[in-house]
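All remarks here apply to the structure that follows.
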Amino acid sequence: MPSSSRRSTPRASSRMLDGLLNGAGVTASQSPRTRRLRRWMPVVVSLLVQVPITIAGVIWTGAYAEYGDAASVLPFRTVLELSSIGPGAIAALALSVMGPLLLLRIRQYPGPLIAVISALAAADFLIGYSALSAPYMALAFAIVIAISHGARTWTWVSMIVVWEATLLAGLVVGIDLDSHRVVATTIGLLLVLAFAEVNRRRREQLEHFHTAFQSRREEELRAERTRIARELHDVLAHSLSQINVQAGVGLHLMHKQPEQAEEALASIKRSSKEALDEVRSLLGMLRNDGTDLGDARSDDAPLVPEPDLSRLVSLVDSVRAQGLAVHSSSEISEQTAAAVQLALYRIVQESLTNVVRHASATTAVVSLAVEGDDYLVTIADDGVGIDADGHTEGRGLVGMRERAELLGGTLTVRESAPRGTVVTARIPRRSASV
């Protein structure tokens, strides 16, 4: 039986051996060359170990039967002349070849073939019971491969039944079994079985880790897609809403008040440029965060910083330019963490966009304050309020809620008296450490 691998074997070599036996580890890509190597390596090793030693054993047995211990001092040519190829020798040679060849299909039929190879190993053990007998390497490879491919019951039952049957057959036939050899063979079988079980468990752990890694990676990709969609929605919804309103104003005043129509067109140009810069900056960051595609155009993306509370004034002014009276106040320092500032800015931006697009309001009040251990932002309007009949959240409200919850906060939307809507977001101040 093969001796166990030393603990000092490098990890890369261990993964390579595991790949050659089981098709796992570093050979997961499974190139045609790797598949051929994985299939033929156990066969070649088994043949190189079993066949030469079996041939030497056959030759030695013939000379020993004629001269006894004196055969060890005879010339090699004399030993060859004295050796005879009888039925036992032919059977031993056939068994030394059959087992390794069956390894070619062990991965397709692990259960039945482990039983067959076990029987061949038992026959080889009994027929080749002499002073010089080859270890049946094919059985060791078969055990490891069969257990790693899910044939545990087949393997254990085959080993127990066949080994007990071998010992019983030796007694019935009258072979004088050496107790030391029996014990050594039993220990060897147990060591190979233990190695196969450890290898199986390690492979299952690797598969579990790979599955968990893939699942986590997919979750991160979904979260990233959600973040991108949220950013694009907030940028485009606000800018396109402004453009739509200003375009309507420009069309209405084109003939009556051309100077105001010109202002509307200038506002459209400014809003569209800001939106394009933000979108191009976002796409540029996404391209640079991924694999380098060699696209020189990614360097042309403008470096637009993420919005923060310092841009609230320009945001409010852009909404006022659309005819909505906005009153704003802020007690939150601009030294707050960037993630908190971005969330607060986007919540205000999306809320004001909704007011302009859907509320038919004339006035809105934006308040940012510190209340206890929370940052508190409130956006109230005097518009038509929430549709009480089956109101459902759109993407904007979902995005605002996600932003607050990602920082450990909450967001609520409710009707105000006598009319209008109030959006309230609370974000814990501990989020400033993120």
Side-chain angles (χ1 to χ4, degrees), residues 1-7 9-28 30 34-50 95-96 98-125 134-167 182-212:
M1 292 295 168
S3 60
S4 59
S5 301
R6 295 182 300 174
R7 293 180 181 272
T9 303
R11 184 176 299 177
S13 301
S14 176
R15 291 200 302 268
M16 178 65 74
L17 176 60
D18 179 70
L20 292 174
L21 291 175
N22 307 319
V26 296
T27 60
Q30 291 297 300
T34 299
R35 287 196 296 268
R36 288 194 298 269
L37 179 61
R38 181 171 64 91
R39 184 182 182 189
W40 282 97
M41 189 274 291
V43 178
V44 173
V45 172
S46 299
L47 288 173
L48 290 177
V49 172
Q50 293 177 202
L95 290 171
S96 67
M98 290 174 60
L101 292 180
L102 288 176
L103 292 176
L104 291 171
R105 305 303 297 273
I106 187 69
R107 292 174 179 82
Q108 286 76 29
Y109 311 102
L113 286 187
I114 186 62
V116 173
I117 295 175
S118 300
L120 294 178
D124 180 81
F125 179 83
Y136 210 77
M137 288 293 297
L139 179 61
F141 283 113
I143 291 172
V144 175
I145 296 173
I147 288 182
S148 67
H149 282 71
R152 294 182 64 205
T153 302
W154 277 88
T155 303
W156 281 96
V157 171
S158 298
M159 291 299 99
I160 295 172
V161 172
V162 171
W163 184 232
E164 290 182 353
T166 302
L167 298 179
V182 171
V183 171
T185 304
T186 303
I187 293 175
L189 287 172
L190 292 176
L191 288 176
V192 173
L193 287 167
F195 173 80
E197 289 291 345
V198 171
N199 181 70
R200 177 193 62 83
R201 179 171 297 182
R202 183 173 63 88
R203 188 180 183 188
E204 290 179 350
Q205 291 174 346
L206 288 174
E207 291 176 352
H208 177 73
F209 173 79
H210 178 71
T211 302

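Values below: every heavy atom of this structure, side chains too, minus hydrogens, waters and symmetry copies.
The two residues T166 and A122 have their closest heavy-atom pair at OG1-CB, 3.0 Å. Nearest heavy-atom pair across P110 and A151 is CB-CB, 3.9 Å. In terms of heavy atoms, A196 sits closest to V144 at CB-CA, 3.8 Å. P100 and V43 make their closest contact through O-CG2, 3.3 Å (heavy atoms, listed as atom of the first residue, atom of the second, distance). Listed here is the closest heavy atom pair of S148 and R203: O-NH1, 3.0 Å. Between I114 and A146, the shortest heavy-atom contact is CB-CB, 4.1 Å.
Side-chain atoms of L167 and W163, non-hydrogen and from C-beta on, do get closer than 4.5 Å to each other. When side chains are defined from C-beta on, M159 counts as touching L139, because their heavy atoms get closer than 4.5 Å. Taking the side chain as every heavy atom from C-beta outward, L120 and D124 never approach each other to under 4.5 Å. Contact annotation: the side chain of L104 approaches that of W40 to within less than 4.5 Å [non-hydrogen atoms, C-beta and beyond]. For the pair I147 and L193, the minimum side-chain heavy-atom distance is below 4.5 Å.
The only option from T186, I187, T185 that meets the side-chain contact (heavy atoms from CB on, under 4.5 Å) definition with V183 turns out to be I187.
At least one donor-acceptor pair closer than 3.5 Å links the side chain of Y136 to the backbone N or O of L95.
Considering OG1 of T34 and CE of M41, their distance stands at 12.0 Å, rounded to 0.5 Å. Separating the CD1 atom in I106 from the CG atom in L101 is a distance of 13.0 Å, to the nearest 0.5 Å. Here CE of M98 is found 10.0 Å from CD1 of I117. Values are rounded to the nearest 0.5 Å. Taken from CG in L103 to CG in L47, the straight-line distance is 8.5 Å, to the nearest 0.5 Å.
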CA sep, side-chain torsions, deciding dist, call: E204, R201, salt bridge (Lys or Arg N to Asp or Glu O under 4.0 Å) | CA-CA 5 Å; E204 290 179 350; R201 179 171 297 182; over 6 Å; no
The test is ring-ring contact (aromatic ring centres under 6.0 Å, His included); show your working for W154 and Y109 and say whether it passes.
CA-CA 11 Å; W154 277 88; Y109 311 102; over 10 Å; no
